[in-house]
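The block underneath contains the structure these notes are about, expressed in structure tokens.
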Amino acid sequence: MPPPGHPAAPRTTAPGDGSPDAEVRIDLGLTTYAVLSDGTVIDNPRILRKAEKRLKAAQRELSRKAKGSKNRAKARVKVAKAHAKVADTRKDWLHKRTTRIIRENQAIYLEDLNVRGLGRGRLAKSVHDAGWFTFRRMLEEKALHYGRCVGIVHRSFPSSQLCSDCGHHEGPKPLAVRTWVCGACGVLHDRDLNAARNILAAGQADRLNAPGGPVRPGVAIPRRARPVERGTHRNAGDTGRKPRADGAAEIPAL
């Protein structure tokens, strides 16, 4: 490994002047790509949706070419380049957003979304266009490189059903409900911002309980039992085997 200060040595801190104690929670979505717990909103670029007309035209041109012809080979290359441009544009956009988030925060918390299941529903095209899995993977890789922390909160946590002010459980709400009023304290909540704040609190609690100690006081930390030393001979000590029958003394033990 190159010594510290060498250009090829891995960096331990990301560029920028982010606060060393800054922590943020990211709520991913489709209407807006992400809402951060500090109020920052990242718009959904919808890269595939914007390139659909160009992709359809290239695919239509390919379907009109005769099979095995040189013109069909050229049209196939044109379609491949159009799809590659969409993928490269999405990757570049994700790199810029994840680098900025890592630079400005020391801890990032995400919800463990069921991307595979969502990719099979009626919103499959929009889910695949968002690239949530790539977004999470980039955050984890850059956090490891720059010494940041990425926490994943389980998908069963009711982030959209809890009041971030008083903790009152309001129950499930349809996706069409973007704002709601808490029935206990009367605070008006934005759905995405409230969910981001709830999972920030849950992620911070999990992080504090993570470093090896028991969650409940008075509960001992489980430790692995030490291995028991056994004899080298088969009849040394209590092996738990049944005694041999009479006349079987010359039968070798298996």
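All residue numbers refer to positions in the sequence shown, counting from 1.
By the 4.0 Å N-to-carboxylate-O rule, K96 lies close enough to D92 to be salt-bridged with it.
Of the possible polar contacts, none joining the D112 side chain to the I152 backbone as a donor-acceptor pair under 3.5 Å is found. Judged by distance alone, with hydrogens and angles left aside, the side-chain atoms of K78 form no donor-acceptor pair with the main-chain N or O of A73 at under 3.5 Å. At distances below 3.5 Å, at least one donor-acceptor pair connects side-chain atoms of N114 with backbone N or O atoms of G117. Put simply, the side chain of R72 gets close to the backbone of L62: a donor and an acceptor are under 3.5 Å apart.
In this model, no donor atom of one side chain and acceptor atom of the other lie less than 3.5 Å apart for R90 and T134. With no hydrogens or angles considered, no side-chain donor-acceptor pair links N71 and S69 at under 3.5 Å. The closest side-chain donor-acceptor pair between T99 and K142 falls under 3.5 angstrom.
Put simply, OG1 on T40 and CD on E104 are 7.5 Å apart, with the number rounded to the nearest 0.5 Å. Here the straight-line distance linking atom CZ of R64 with atom CD of Q59 works out to 12.0 Å at 0.5 Å rounding. Here the CG atom belonging to D88 is positioned 10.0 Å from the NE2 atom belonging to H95, to the nearest 0.5 angstrom. Summarising the geometry, atom CG belonging to L55 is positioned 5.0 Å from atom NE2 belonging to H83; distances are rounded to the nearest 0.5 Å. With values rounded to the nearest 0.5 angstrom, H128 atom NE2 is found 9.5 Å from L118 atom CG. To the nearest 0.5 Å, atom NE2 of residue H145 and atom CD of residue E140 are 16.0 Å apart.
Side chains of K85 and K81 form no contact here, defined as non-hydrogen atoms less than 4.5 Å apart. Between R49 and D129, some side-chain heavy-atom pair lies under the 4.5 Å cut-off. Residues I102 and I108 have side chains in contact (heavy-atom distance under 4.5 Å, counting atoms from C-beta outward). Using a 4.5 Å cut-off on side-chain heavy atoms (C-beta onward), L110 and D27 make no contact. Under the 4.5 Å side-chain criterion, counting only non-hydrogen atoms from C-beta, K125 is in contact with L48. A heavy-atom distance below 4.5 Å is found between the side chains of I101 and F135. Looking at heavy atoms from C-beta onward, L28 lies in side-chain contact with L113 at the 4.5 angstrom threshold. With a 4.5 Å cut-off on side-chain heavy atoms, K65 and R76 do not count as touching.
In this structure, W93 has its ring center under 6.0 Å from that of Y33.
Minimum heavy-atom separation, A124 to G119: CB-O, 3.0 Å. Contact between G131 and L94 at its shortest, heavy atoms only, is O-CD1, 4.0 Å. The minimum heavy-atom distance between A130 and L30, with the atom names listed, is CB-CD2, 4.3 Å. Minimum heavy-atom separation, R46 to T31: NH2-O, 3.6 Å. Nearest heavy atom pair, residue P45 against residue K50, reads O-CE, 3.1 Å. Heavy atoms only, all atoms of each residue included: A34 and I26 are closest at CB-CG2, 3.7 Å.
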Full working for side-chain contact (heavy atoms from CB on, under 4.5 Å) between R100 and R97: CA-CA 5 Å; R100 181 173 181 179; R97 298 306 178 277; 5.9 Å; no

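Residues L123 and V115 are members of one and the same hydrophobic cluster, defined by side-chain heavy-atom contacts under 4.5 angstrom among Ile, Leu, Val, Met, Phe, Trp and Tyr.
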